[in-house]
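Ligands are counted one by one from 1 in listed order, and the atoms in each one are counted from 1 as well. By convention here, the first residue in the shown sequence is residue 1.
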Amino acid sequence: MKFGHFDDNAREYVITSPRTPLPWINYLGSEDFFSLISNTGGGYSFYRDAKLLRLTRYRYNNVPQDSNGHYYYIKDGDTIWNPGWMPTKTELDFYECRHGCGYTRITGKKNALEATVLSFVPYGDACEVNQVSLKNESSSEKTVDLFSYVEFCLWNAMDDMTNFQRNYSTGEVEIHDNGQEIFHKTEYRERRNHFATYVVNVPVEGYDTDQESFLGAYGENSCPEVVKNGQSKNSVASGWRPIGSHHIKVTLAPGERKAFIFVLGYIENPVEDKWIGAPEDGKVNFKKADEMRKRYDTEEKVTEAFMALEKHWDELLSHFTVSSSEEKLDRMVNIWHQYQCMVTFNMSRSASYYESGIGRGMGFRDSCQDLFGFVHLIPERARERILDIAATQFPDGSAYHQYQPLTKKGNSDIGSGFNDDPLWLIAGAAAYIKETGDYTILDEKTPWDSDPNNVSDFMEHLRRSFNYTVTHKGPHNLPLIGRADWNDCLNLNCFSTEPGESFQTFGPSEGPNAESVFIAGMFIKYGRDWVQILKHRGLDDEAKAAEDAIAEMDAAVKHAGWDGEWYIRAYDHYGNKIGSHDCDEGKIFIEPQGLCVMAEIGLSEGKCLAAMESVERMLDTKYGIVLLQPPYRKYHVELGEISSYPPGYKENAGIFCHNNPWISIAETVVGRGNRAWQVYTRTCPAYIEDISEIHRTEPYVYSQMIAGKDAPNFGEAKNSWLTGTAAWTFLNVSQYILGIRPDYDGLVVDPCIPSELKGFTAKRDFRGTTYNITVKNESGAQKGVKKMLVDGQEIAGNCIPLQDGKAEVNVEVVM
Ligand code: BGC
Ligand code: NOJ
């Protein structure tokens, strides 16, 4: 069952019922100001940091769900309704929500009145613009009341939710132009030099800024007293819960349309220039607010800003495009994969409907992997991101597991000890260099542990990352796991028995025994990139030594990491195998099959193919590949968090969407295009749109997890949007299935596609040249390039050498 459809020309998902299984959201903003907006107008805004500078309030776990947002109420006679249905839930005659790139347009109709709310954050500005247009579709004149409503958050979202004894006395607002312009200025009198403005471009009938006055005693936003009475109270908040609400009376002739522009903005003043007059007079310096207001006070200006935003996305999405007989593939590659990658770049794992924006900072490994998805779109920002991440690294090469985006410092609450982290830095750096050819990044002076007095060049950071694994090996010569590797929940040194202890920080950060085969695979795969980088720098001896270390690891995996039909997952503290025939539960795990095959361990001896067959036999389900089988049915103190989840959820045998592409990529290594495709499409949003009632999260983006076959709600997804799945699925489909892959010295084209796909064309910008690529697969192959022509000239192999100076080349590939 579907709740809408894709509109590819408009680059939108069109939701046609407000009763989606879960709120289906979108993100507005791409620089400093961000808003989350759901299909019913729920959500909130923040400036830069979702925890520290939150403009509007959101209540998690609210009843009904998603019942706070930036709302518009219409009172038409006795009927009160919202264009997005919530929160009045008045039945609409028509409803539609179009989520596009950086904007959302919600349209509702009731009693021959059409209301459309277009919401976006203008590129280059720190505000959300809402253009509300009303159209009278009846044959008689209509007069209605329009009320706006936002609830301000007192900036620090965590404090806002907990510290009521203080917060109920600090709230302050300032009102201008009889309520047309409302400033929320809590704490501006003391140490804040920022305030929020909420303004509309026309004079108002009245306004409200105090929530209780607006809603009424014990009122709720599904039926505010002020809206019911059709009259604002001109309340001025003092403490309690400040809001912003405007009241506009609108008269429309038959067929007439009028638009009103509301702007919610963030204004920051220099400390010495905070006030007009004496501070004790309490009048904020509103110069910048005034300027912002003027930037959007007509429809023409809003249209212009909206077009600039569209242009921004046209440009971003022009660097990689595909055209094939598979409509859904094209849709995903050209729009939604890349869009989700940009959102994970902006948000990391901070703010979604599953991440509260007050929790974790930026993950070290998460941020390194996210790079795969956006390095081709914004290489300069990718460069900056890599160096930011590296600057938090410890001098011994280990890493803080997370860092804070605002301070860019490592987060000591969680500390270090996730032994895969350092290797992800090599992975991210390699992706950057392959994309850009910019080796100068290696020379950047980069701090250790954010200490400006302790710096090395970035090359040295990579060296210590590699060496960290070399010097942290266990009894089987495999890498020590530390607190965990990619699987945060495989906590082999933790041994926690008290409820509430954090699996990620309790216990020693490393034990002498517990080892990870997964990290071994990573070490080999990304170690090869390190070797390439060393060779490029002419460090041949060091390259040779690194190759030897890789060969040793390869031997260790073949000796102690192979279980006969698949790769073992790990060794626990007692030296027992995890992910082996010998185990009763957790016999086989997905992660080492993905990474060890990508690292081609035992490829020529058939180990890779055997591992892929085992995955298919033991982990496959119709909704994707589960993380392990059989699930853990009781708590295992020696395994940690993984066994804390009920069977089928999260890391305990859920379908973890992040590592399904690992298997799909691994299948391209063994050349099975049909299977790589099957794995790709099974979790791909556009391909599972038809089961939205089962999947439940947004059908245009990936979620972190889908409940596995052992869970009661098999097929139900959770935690949409902010997941490493975004980058990996795009990497898989673009670089391994379509096979268009940047390499150190050129662009590789090596498709591994289903045999029914008879070819495709793609456009790829790469190091200043546009490649127009035509792949022909008349023979129905799954892999293997027979012939490749570059501007008509046949070349040997499948790597197109750099086309220095050429703006465009045509490439023909025959499979
Ligand atoms: C989750 C993981 C997450 C980790 C760190 C665990 O509870 O299951 O998916 O990465 O916490 O926040
Ligand atoms: C989510 C985390 O953000 C990611 O770093 C981790 O690898 C997965 N969970 C799996 O545990």
Distance alone, cut at 3.5 Å: any donor-acceptor contact between the side chains of [X] and [Y]?
{"X": "Asn411", "Y": "His401", "answer": "no"}
{"X": "Ser703", "Y": "Thr697", "answer": "yes"}
{"X": "Glu510", "Y": "Asn419", "answer": "yes"}
{"X": "Glu355", "Y": "Trp721", "answer": "no"}

Think Arg381 forms a cation-pi with Phe374, using NZ or CZ under 6.0 Å from the six-ring centre and within 45 degrees of its axis? no
Is the positively charged end of Lys409 above the ring of Tyr400, judged by distance under 6.0 angstrom from the centroid and angle within 45° of the axis?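 No.
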For ligand 2, which atoms sit closer than 4.0 Å to a heavy atom of [X]?
{"X": "Asn487", "result": "11 (O)"}
{"X": "Trp486", "result": "6 (C), 7 (O), 8 (C), 10 (C), 11 (O)"}
{"X": "Arg365", "result": "4 (C), 5 (O), 6 (C), 7 (O)"}

Is Tyr645 touching ligand 1 with its side chain, its backbone, both, or neither, if touching means heavy atoms under 4.0 Å apart?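 The answer is the side chain of Tyr645.
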Taking heavy atoms and a distance under 4.0 Å, where does Asp488 meet ligand 2: side chain, backbone, both or neither?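 Within the 4.0 Å criterion, Asp488 contacts ligand 2 through backbone and side-chain atoms alike.
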Which one holds for Glu651 and ligand 2: side chain close, backbone close, both close, or neither close, with close meaning a heavy atom under 4.0 Å?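 Within the 4.0 Å criterion, Glu651 contacts ligand 2 through side-chain atoms alone.
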Out of curiosity, is Gln704 lining ligand 1, as in a heavy atom under 4.0 Å away? yes
What protein heavy atom sits nearest [atom], and how far away is it?
{"atom": "atom 10 (O) of ligand 1", "answer": "Asp488 OD2, 2.5 Å"}
{"atom": "atom 2 (C) of ligand 1", "answer": "Glu651 OE2, 3.3 Å"}
{"atom": "atom 6 (C) of ligand 1", "answer": "Glu641 OE2, 3.2 Å"}
{"atom": "atom 4 (C) of ligand 2", "answer": "Asp366 OD1, 3.2 Å"}
{"atom": "atom 11 (O) of ligand 1", "answer": "Gln504 OE1, 4.0 Å"}

Hey, does Gln704 sit under 4.0 Å from ligand 2 if you only count heavy atoms? yes
Report the relative orientation of the aromatic rings in Phe656 and Trp486; use parallel for angles under 30°, tilted for 30 to 60°, perpendicular for over 60°.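 Judged by the thresholds at 30° and 60°, the geometry between Phe656 and Trp486 is perpendicular.
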Is the side chain of Thr162 donor-acceptor paired with the backbone N or O of Met158 at a distance under 3.5 Å, no angle test?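 A pair under 3.5 Å: yes.
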Taking distance alone, with N or O pairs closer than 3.5 Å, would you say Arg349 contacts ligand 2? no
Set of residues satisfying side chain to side chain contact (heavy atoms under 4.5 Å, CB included) with respect to Asn513, sequence neighbours excluded: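 Residues passing side chain to side chain contact (heavy atoms under 4.5 Å, CB included) with Asn513: Pro475, His573.
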